Amino acid sequence: MKPLSLLGICGSPRPTGNSRYLLDIALEEAQRAAGTRMQVETVNLARLKIGPCMSCYTCGKRNGECFIQDDFAFLRDKWAAADAVIYSIPVYHLGIPGQLKCFIDRLGNSLWSYYGGVVAKSLRVIGIIVQGAHIFAGQEQAATQLIHHALVMGGIPVTGDPWESYIAAAGWTRCGDRKNSLRKLVDQGDEDALVTVRAARSLGRRVAQMALLVRAGGQALYRELAEDGGYSIFLQRLEQPTEQAQGAQGKE
Ligand SMILES: Cc1cc2nc3c(=O)[nH]c(=O)nc-3n(C[C@H](O)[C@H](O)[C@H](O)COP(=O)(O)O)c2cc1C
């Protein structure tokens with residue numbers, strides 16, 4: 001069985017800042033939970049050039065291909081191949097950073113143009129980590145926007161364990177604006193920062209566990225799901241059961 005793939009996307013323009021710090025914690029825990037059953041890869045949006053959607057609808061006429069020549073297709077293809085995605089972002093102006101918005105705007109139109117409605121049953125597991133400099137300053141709003149993105153892309157949003165993590169792993173840097181602000185707070189034993197780290201860890205674990213559950217469920221119900229064309233892009237990520245196993249599924 002090929003390993004599940006987990007893509008970590010750091011959505012900060014600072015490639016080694018607080019978002020990346022929490023992302024690495026979550027990915028490490030996901031890897032620990034799934035072991036060799038999962039391959040983890042990280043992409044920094046800071047290292048890519050992805051411009052905004054120009055609303056030309058060329059993707060609708062060209063099988064999802066965007067006319068803008070930049071790094072969009074590179075990340076879209078990784079995203080589309082992933083069984084699970086964890087986004088880690090800073091809050092910007094009470095919402096998600098523009099860099100990530102540019103990517104998800106184009107992702108939605110590109111994949112809906114290419115796959116049509118079957119995107120709605122792609123069953124990709126999606127976890128969200130979000131932190132800002134301040135408290136009550138947009139973390140929930142930014143997380144909610146990404147949960148909505150997960151839903152519209154046919155994903156399964158998951159959060160971490162209670163009580164650290166309600167709808168996402170979230171935190172604040174106590175007004176620190178340095179890229180290592182959170183790490184410093186953790187080193188000082190700051191309780192809020194420690195809660196954020198625990199939330200990131202349990203979120204990583206839950207993403208891995210849910211991805212394993214979804215795959216096992218898909219494998220067990222392969223034949224049944226194949227009768228509904230809507231699941232085709234999910235089933236493409238699974239291994240087709242042998243004829244013997246398919247026969248056994250049919251008898252149940
Ligand atoms: C343009 C801009 C807008 C920001 N808006 C917010 C905000 O609305 N709420 C907040 O708590 N922090 C805000 N911040 C602070 C960042 O979210 C914070 O510094 C975060 O820790 C940066 O994470 P990073 O190191 O991963 O880039 C903003 C920062 C910038 C540069």
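The figures here come from the full heavy-atom set of this structure, side chains too, leaving out hydrogens, waters and symmetry mates. It should be emphasised that the depicted structure is a prediction, and the values quoted were computed from it without experimental measurement. Note that ligands are numbered from 1 as they come in the structure, with each ligand's atoms numbered from 1 the same way.
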Q) Restricting to pairs with a member in residues 145-155, which pass side-chain hydrogen bond (donor to acceptor under 3.5 Å, both in side chains), not counting sequence neighbours? A)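 Residue pairs with at least one partner in residues 145-155: Tyr87-His149.
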Q | Proximal protein residues to ligand 1, non-hydrogen atoms under 4.0 angstrom | A |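 Answer by chain and number: Ser12, Arg14, Gly17, Asn18, Ser19, Pro90, Val91, Tyr92, His93, Leu94, Gln131, Gly132, Ala133, His134, Ala137, Thr173.
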Q) Restricting to pairs with a member in residues 116-136, which pass salt bridge (charged side-chain N to carboxylate O under 4.0 Å, His left out), not counting sequence neighbours? A)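 Checked against salt bridge (charged side-chain N to carboxylate O under 4.0 Å, His left out) - neighbours excluded - the pairs reaching residues 116-136 are Lys121-Asp228.
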Q: Hey, could you give me the CG/CD distance between Leu45 and Gln99, rounded to the nearest 0.5 Å?
A: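 The CG atom of Leu45 sits 7.0 Å away from the CD atom of Gln99.
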**Q.** Passing option when Arg215 is tested against Leu123, Leu4, Val125 for side chain to side chain contact (heavy atoms under 4.5 Å, CB included)
**A.**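 In the set Leu123, Leu4, Val125, the residue that makes a side chain to side chain contact (heavy atoms under 4.5 Å, CB included) with Arg215 is Leu4.
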(Q) Using the rule side chain to side chain contact (heavy atoms under 4.5 Å, CB included), only one of Arg183, Arg178, Gln131 pairs with Asn18; which is it? (A)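 Testing each of Arg183, Arg178, Gln131 against Asn18, the sole residue satisfying side chain to side chain contact (heavy atoms under 4.5 Å, CB included) is Gln131.
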Q: Please identify each residue that fulfils salt bridge (charged side-chain N to carboxylate O under 4.0 Å, His left out) with Glu239, with sequence neighbours left out.
A: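 Not a single residue meets the salt bridge (charged side-chain N to carboxylate O under 4.0 Å, His left out) criterion with Glu239.
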